[in-house]
Protein chains: 2
Amino acid sequence: MNDALTILRRCGIKPTPQRIAVVNYVLKSTTHPTAEDVLDHSRKKCPTVSRATVYNTLNLLAAKGLLKTQVLKEGTVVFDPNARQHHHFIDDDTGVIYDIPWSSLAVSGKEKLRDYEVREYQVILRGRRTKRK
Amino acid sequence: MNDALTILRRCGIKPTPQRIAVVNYVLKSTTHPTAEDVLDHSRKKCPTVSRATVYNTLNLLAAKGLLKTQVLKEGTVVFDPNARQHHHFIDDDTGVIYDIPWSSLAVSGKEKLRDYEVREYQVILRGRRTKRK
DNA sequence: TTTTGTTCTTGACACCGTCTAAATTTAAAA
DNA sequence: TTTTAAATTTAGACGGTGTCAAGAACAAAA
């Protein structure tokens, strides 16, 4: 089972109603929510959850590798529950962020970059989504 | 001549002491300054320049294509005076952003992305700079 | 029960970027 | 030159994001 309780226990994070609410939303999300998004949705399940707890929990999950923070929007970090490597496409009109599978793109030339030790990389594309899903 | 005065006139922006101070710093910068960086340095030449004027001027320059705003750091936009296409490498330890020449990397597979109309793209790499310049 | 340690909440805080109203500067017209 | 209008700058207020500290609530153990 991959419910929030199991996930938290497996990571050695003590489960609490607040953390369960956060995990349930953010790890099932197919979008790229901001902390504020997570707060709003978590409060539907756990009305008293505070901003600080949401940030603490999200940062805990990030430290455990269950999600990744991405700097893709101005003024705010977004949280990405897709832990596998992938690229991102950002719609100029809507600002919506789409995941692009790792296998869709190939980047050549990294190995020739002297003086740079590359730990990770991604392609960020911008433009328009032509077809709605 | 490529001094600030000439640049501003060529773009149809009325030169003022404040704008000249901003342009002189940001367009000659080889780093990726934040608005706050630009404000600090501009005040050395023009001590009364205000935050709002710096933002106004930077946004004007961006609208004219003389620089580009980049979302590469958490919590703040950086301004990039390098108007040509290029990629970015961000040092894990220092946060310093380095330009990677466009010709150094090649991205293949974009043309196969159905449903996405790509207007621009770049590779963002993270890791360590191994050699100081 | 009391103790101990963890977690949560509240509210304060600093920072970024935008906005507004007022003041200043500039340019143009009389 | 004086007047008028337009453009620009300024200071400060504002809303949003994220962090922090202090105390309250909670759970586990003795």
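By convention in this document, chain letters (A, B, ...) are assigned in the order of the sequence lines, proteins followed by strands, and residues within each chain are numbered from 1. Every heavy atom of this structure was used, including side-chain atoms; hydrogens, water molecules and symmetry mates were not.
Using modelled atom types and a 3.5 Å distance limit, the side chains of A:Gln122 and A:Gln70 yield a donor-acceptor pair. Remark: the A:His88 side chain and the A:Asp80 side chain contain an N/O donor-acceptor pair separated by less than 3.5 Å.
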query = Taking it one step at a time, do B:Phe89 and A:Val118 satisfy side chain to side chain contact (heavy atoms under 4.5 Å, CB included)?
reply = CA-CA 8 Å; B:Phe89 180 97; A:Val118 178; 4.1 Å; yes
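Put simply, B:Gln18 has no side-chain N or O that comes within less than 4.0 Å of OP1 or OP2 on C:dT25. For B:Thr16 and C:dT26, the shortest distance from a side-chain N or O to OP1 or OP2 is not below 4.0 Å.
What separates NZ of B:Lys14 from C1' of C:dT24 is a distance of 13 Å, to the nearest Å. Spacing between atom CD of B:Glu74 and atom P of C:dA14 amounts to 20 Å, rounded to whole angstrom units. For the pair A:Ile20 CD1 and D:dC26 C1', the interatomic distance rounds to 15 Å; values are reported in whole Å. Distance, B:Gln70 CD to C:dC16 C1': 18 Å, rounded to whole Å. Atoms NZ (B:Lys73) and P (D:dG18) sit 17 Å apart, rounded to a whole Å.
Against DNA chain D, the stretch residues 49-69 of chain B makes heavy-atom approaches under 4.0 Å through B:Val49, B:Ser50, B:Ala52, B:Thr53.
Residue contacts for A:Thr34: at a heavy-atom cut-off of 4.0 Å it reaches no nucleic acid atom on any strand shown.
In terms of position on DNA chain C, the residue among B:Ala35 and A:Arg43 whose nearest nucleotide sits closer to the 5' end is A:Arg43.
In this structure, of D:dG18, D:dA7, D:dT9, it is D:dT9 that holds the atom nearest to the side chain of B:Arg19. Taking every side-chain heavy atom of A:Val77 into account, D:dG18 is the closest of D:dA7, D:dG18, C:dT7. The side chain of B:Glu36 lies closest to C:dC16 when the candidates are C:dT9, C:dC16, D:dT17.
Aromatic ring orientation, B:His86 versus B:His32: tilted (interplanar angle from 30° to 60°). Relative orientation of the A:Tyr98 and B:Tyr116 rings is perpendicular, given thresholds of 30° and 60° on the angle between their planes.
Ion pairing between a basic and an acidic side chain is recognised when a charged N comes within 4.0 Å of a carboxylate O; A:Arg129 and B:Glu117 show no such pairing. Between A:Arg128 and A:Asp91 no salt bridge is recorded (no basic side-chain N to carboxylate O distance below 4.0 Å).
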